[in-house]
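So the structure is just underneath, and the comments pick up after that.
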Amino acid sequence: MSFVVTGATGQLGRLIVTHLLSRGIAPADIVAAGRNSGKVDALQSLGVRTAVIDYSDPATLAAAFDGADTLMLVSGSDVGGRVEQHRNAIDAAKTAGISRIAYTSAPRADDTDLILAPEHKATEQYLRASGVPFTILRNNWYTENYASSLSQAAETGVYAASTGEGRVASASRDDFAEAAAVVLTTEGHEGKTYELGGDVAWTGSEFAATLGSVLGREVRFESLTPDAHTAALLAAGLDEGTAGFVVGLDANIATGALDSTSNDLSTLLGRPTTPAAATLATLQA
Ligand SMILES: NC(=O)c1ccc[n+]([C@@H]2O[C@H](COP(=O)([O-])OP(=O)(O)OC[C@H]3O[C@@H](n4cnc5c(N)ncnc54)[C@H](OP(=O)(O)O)[C@@H]3O)[C@@H](O)[C@H]2O)c1
């Protein structure tokens, strides 16, 4: 069984490669693929085969996927251009005779207001229609997304967001990566769509308390209106587009887009998910 992992130059993909290795997959049976050739070269230290690919360049995908059995398609980061890119990858996999594709998607991608979901929904639809056996990994938020909240809280004692009482079922990147490796290397996942998230879905005030416990200082939740949040982000130097994006995501969280009671992640891992406090502790300088 041989595997291609795209996005391997990124944080999640690299962890998926290391989990495949620790699950006993031979380095020669893994192609770690990424776009940046310098970062791809650095992956050679893992002993695996490597490939430079661009989702926008089908010839690079055909070369990298040739001879592989299973594709781990890590969603790209070119927001707005990903549907065509992901279609290219699915088409190339089908042409190469790949027998299973796992894809990293977004929570409830086909039934959510989450502003990031439409590209994932379109990719899922294309994948389902491709005829290639698939598994969809709908990853909730990485706890690591909150690294800047940790450093801000360390300075100010405040965690500010416009998420209201909304909950986030975050887990560590490593949890999501390990679950992906489990899916890639074990049977019974074909046609499945997993809603992957942490065992605990936390509110802003609960998260502030967690930040406080990690930092050893009091941290209070400042619950902002969307307008006040936008104004604060602009005052902090963010451009209008980025501020609008952040506030839009918080609005999604406020209405439950990242709330989840699924235990798919801990079930795949065979253990509880990593608590947010443990992940945040690793991010402290
Ligand atoms: N669940 C979450 O909280 C969350 C948060 C952020 C992102 N995501 C999604 O999850 C994915 C993985 O997360 P991550 O933290 O590992 O992100 P990351 O570190 O930014 O890695 C993104 C990976 O995608 C590759 N990539 C982007 N565009 C590409 C293209 N056109 N062709 C080929 N490769 C391309 C990058 O390659 P190079 O680095 O070599 O260019 C990199 O390996 C992201 O790409 C995004 O879709 C999820």
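For ligands, and for the atoms within them, numbers begin at 1 and follow the listed sequence.
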- [ ] Side-chain contact test, heavy atoms from C-beta onward, threshold under 4.5 Å: evaluate it for Phe176 versus Leu269 and give yes or no.
- [x]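 With C-beta onward as the side chain, the pair stays apart.
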TODO: Give, for atom CD1 of Ile90 and atom CZ of Phe134, the distance between the pair rounded to the nearest 0.5 Å.
DONE: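 Rounded to the nearest 0.5 Å, the CD1-CZ separation comes to 10.5 Å.
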Open item on the list: Under a plain distance cut-off of 3.5 Å, with no hydrogens placed, do Thr143 and Ser170 share a side-chain donor-acceptor pair?
Closed with: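 Side chains of Ser170 and Thr143: pair found under 3.5 Å.
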- [ ] Any salt bridge (charged side-chain N to carboxylate O under 4.0 Å, His left out) involving residues 119-146? Give me the pairs, sequence neighbours left out, ordered by first then second residue.
- [x]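 Every salt bridge (charged side-chain N to carboxylate O under 4.0 Å, His left out) pair that includes a residue of residues 119-146, provided the two are not neighbours, is Arg82-Glu119, Asp110-Arg138, Glu124-Arg128, Glu124-Arg138, Arg138-Glu195.
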Open item on the list: With salt bridge (charged side-chain N to carboxylate O under 4.0 Å, His left out) as the rule and sequence neighbours excluded, what pairs involving residues 21-35 come up?
Closed with: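 Found Arg35-Asp78.
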Open item on the list: For ligand 1, give me the residues whose heavy-atom distance to it is below 4.0 Å, by chain and number please.
Closed with: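 Ligand 1 pocket, heavy atoms under 4.0 Å: Gly7, Thr9, Gly10, Gln11, Leu12, Gly34, Arg35, Asn36, Lys39, Ile53, Asp54, Tyr55, Val74, Ser75, Gly76, Ser77, Asp78, Arg82, Gln85, Asn140, Trp141, Tyr142, Asn145, Arg173.
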Open item on the list: Using the side chain to side chain donor-acceptor pair (under 3.5 Å) criterion, which residues pair with Asp111? Sequence neighbours excluded.
Closed with: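 Testing Asp111 for side chain to side chain donor-acceptor pair (under 3.5 Å), a comparison that skips the adjacent residues, returns none.
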